[in-house]
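Have a look at the structure below before the remarks.
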Amino acid sequence: MLPVAGLGTRFLPATKATAKEMLPVVDKPLIQYAIEEARAAGIEQFCMVTGRGKTALVEHFDIAFELEHTLRERNRTEALATLEATSVEPGSLVTVRQQVPHGLGHAIWCARAFVGDDPFAIILPDDLVLADKPCLAQLADAYLETGGNVVAVTEVPREHTNRYGILKVGKTEGRLVEVTGLVEKPAPENAPSNLSIIGRYVLLPEVITELARMERGAGNEVQLTDGMARLIGKQPFHGLLYEGRRFDCGDKIGFLEAQIAYALKRPDLAPAVQSFLKTYVR
Ligand code: UTP
C-alpha cells in the first residue's frame, strides 16, 4: 500500500499543484522508486491512497500511447525503454481516496477493503532507502521468520525523536529487535530509545480494527503508530535494523542529499557530478 494523500507542506510551493511523490530523484519520481521496491519484494497488487490533485501519480503508471507512438517513429529506443518500465500489469493498481488528510493511520484505514484478511506492506514513497537488497524485501524475509508485524527502524539523533515514531525495545537478536512499545513523536526527554520507524512496514490485518477506533494522537491526527502500538503483546512485533541508507525525501535536506547519493550511483552521471561537487567544497 502506498499512502500518498498528505499535503506535502514542507515542499510548498513545489507541491501546490503537484504531488510530493511526483518529485524526481535524479530522473525518476519518488512513487516509481516505491513501486519498483515493492515489486522487488514480490508484491504484485498495489493500492495508492490518494487525495485531491494527485491524479498524475496514477497517470504515471498508465500507458502513454501518443508519447510511445512518437518515440517509436523517431527510433528513440532508450527513451521508450524507460517508459515501458513505468506501466503496471492491467488491474494491478487500485486507488482509494482519503477525502480529508486526517493522518497516516486514517489513510491506511481508508484502504481497508484492499487489505481484507491478509498481511500487507506499506511503503511511504518519501522515504528512499539505497540498499543492495531492497528494504521491503528485507522486511518480507523478517516477516517470514517471525510471522508477525515488522517495521523498518533506524537510529536517529536523540534531539530528533519528536519527528518520528519511536520504539521501546525488548530483546535484540541480530538485526531484529522486539518491540515492547511505540510512541509517536516523543520529546527527546520522554523518548524510550532513539530507534525510529521509517516508511516501510509489513503488518497483520488486525491493525485496521485498531485504526477504526479513530483515536486522535500527535498533531491531532489518526496515527498509524498508535494503531500498531495496540497490537503489541497480542501479536509478534519486531523492528528490523535494515541494511542500507535512508533519505527522508519529505524533508528538503534529505531530498537534496538523495539527489547526490543516487546520481553518484549512476555510471552515466557520477563522473560529472563528482567533478562539479568538488567546486562546492572548500
Ligand atoms: P508526512 O508526515 O510526510 O506528511 O506523511 P505530508 O503531508 O506528506 O508532508 P508535510 O509534512 O506536510 O510536508 C507521511 C506519509 O503519510 C501520507 C503522506 O502522503 C506520506 O506518504 N499521509 C499523511 C497520508 O496519506 N494521509 C494523511 O492524512 C497524512
Side-chain angles (χ1 to χ4, degrees), residues 1-25 29-38 46-58 60 93-115 120-129 135-136 151-154 156 160-166 182-186 196-201 203 207-208 211-228 246-256 258:
M1 188 185 313
L2 302 147
V4 291
L7 297 176
T9 53
R10 284 170 291 168
F11 264 98
L12 283 169
T15 48
K16 184 183 172 196
T18 307
K20 172 171 73 175
E21 298 78 8
M22 281 306 291
L23 298 179
V25 167
L30 290 170
I31 191 71
Q32 193 179 332
Y33 287 96
I35 293 262
E36 287 175 2
E37 187 177 329
F46 311 98
C47 176
M48 275 188 210
V49 185
T50 69
R52 271 183 295 284
K54 303 269 180 171
T55 41
L57 289 167
V58 183
H60 185 73
L93 173 62
V94 298
T95 62
V96 299
R97 193 98 164 185
Q98 185 191 26
Q99 289 97 331
V100 183
H102 286 308
L104 177 58
H106 179 260
I108 303 298
W109 173 82
C110 286
R112 59 199 178 283
F114 175 80
V115 172
F120 65 106
I122 304 172
I123 293 188
L124 304 188
D126 51 4
D127 260 342
L128 274 190
V129 185
C135 185
L136 195 62
V151 293
V153 299
T154 190
V156 292
H160 291 171
T161 56
N162 58 356
R163 300 182 188 176
Y164 304 105
I166 299 291
L182 287 171
V183 200
E184 184 63 30
K185 300 189 174 66
S196 139
I197 305 178
I198 70 151
R200 301 288 182 280
Y201 314 71
L203 300 179
V207 73
I208 299 291
L211 294 173
R213 303 161 69 98
M214 291 298 147
E215 278 173 16
R216 300 277 172 155
N220 197 32
E221 292 191 337
V222 180
Q223 295 289 354
L224 175 60
T225 304
D226 297 339
M228 294 191 301
R246 174 261 197 145
F247 301 92
D248 178 0
C249 295
D251 170 77
K252 290 187 228 345
I253 299 297
F255 183 69
L256 291 173

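For ligands, and for the atoms within them, numbers begin at 1 and follow the listed sequence.
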Who's the nearest protein heavy-atom neighbour of atom 25 (O) of ligand 1, and how far?
A5 N, 3.0 Å
closest protein heavy atom to atom 3 (O) of ligand 1 is R10 NH2, 3.0 Å
Ligand-side contact atoms (ligand 1) for residue partner [X], heavy atom cut-off under 4.0 Å:
X: V4; result: 19 (O), 25 (O)
X: L104; result: 16 (O), 27 (C), 29 (C)
X: H102; result: 28 (O)
X: A107; result: 24 (C), 25 (O), 26 (N)
X: K20; result: 3 (O), 6 (P), 8 (O), 9 (O)

What distance separates T95 OG1 from L2 CG, expressed to the nearest 0.5 Å?
11.5 Å
Could you give the distance from CG (L30) to CG (L57), rounded to the nearest 0.5 Å?
10.0 Å
Does any N/O atom on [X] come nearer than 3.5 Å to any N/O atom on ligand 1?
X: L7; answer: yes
X: V100; answer: no
X: G103; answer: yes
X: P125; answer: no
X: G8; answer: yes

Mark yes when over 12 heavy atoms from residues, nucleotides or ligands other than R216 sit less than 6.0 Å from its CZ; otherwise mark no.
yes
Non-hydrogen atom of [X] closer than 4.0 Å to ligand 1:
X: Q98; value: yes
X: E21; value: yes
X: G250; value: no

Determine, considering heavy atoms only, which of P3, G105, G219 sits nearest to atom 17 (C) of ligand 1.
P3
When you look for heavy atoms under 4.0 Å from ligand 1, do you find them on the side chain of V49, its backbone, both, or neither?
neither
Under 4.0 Å, heavy-atom basis, I'd like to know which part of T9 is in contact with ligand 1: side chain, backbone, both or neither.
both
Take D127 and R200 through the test salt bridge (Lys or Arg N to Asp or Glu O under 4.0 Å) and record every step on the way to the result.
CA-CA 8 Å; D127 260 342; R200 301 288 182 280; 5.1 Å; no
Give a yes or no on whether atom 10 (P) of ligand 1 lies under 4.0 Å from any heavy atom of the protein.
yes
Within the distance-only criterion (no hydrogens, no angle test), does the side chain of E184 pair as donor or acceptor with the backbone N or O of D226 below 3.5 angstrom?
no
Specify the closest pair of heavy atoms between T161 and P186, including all atoms of both residues, with the distance to one decimal.
OG1-O, 3.0 Å
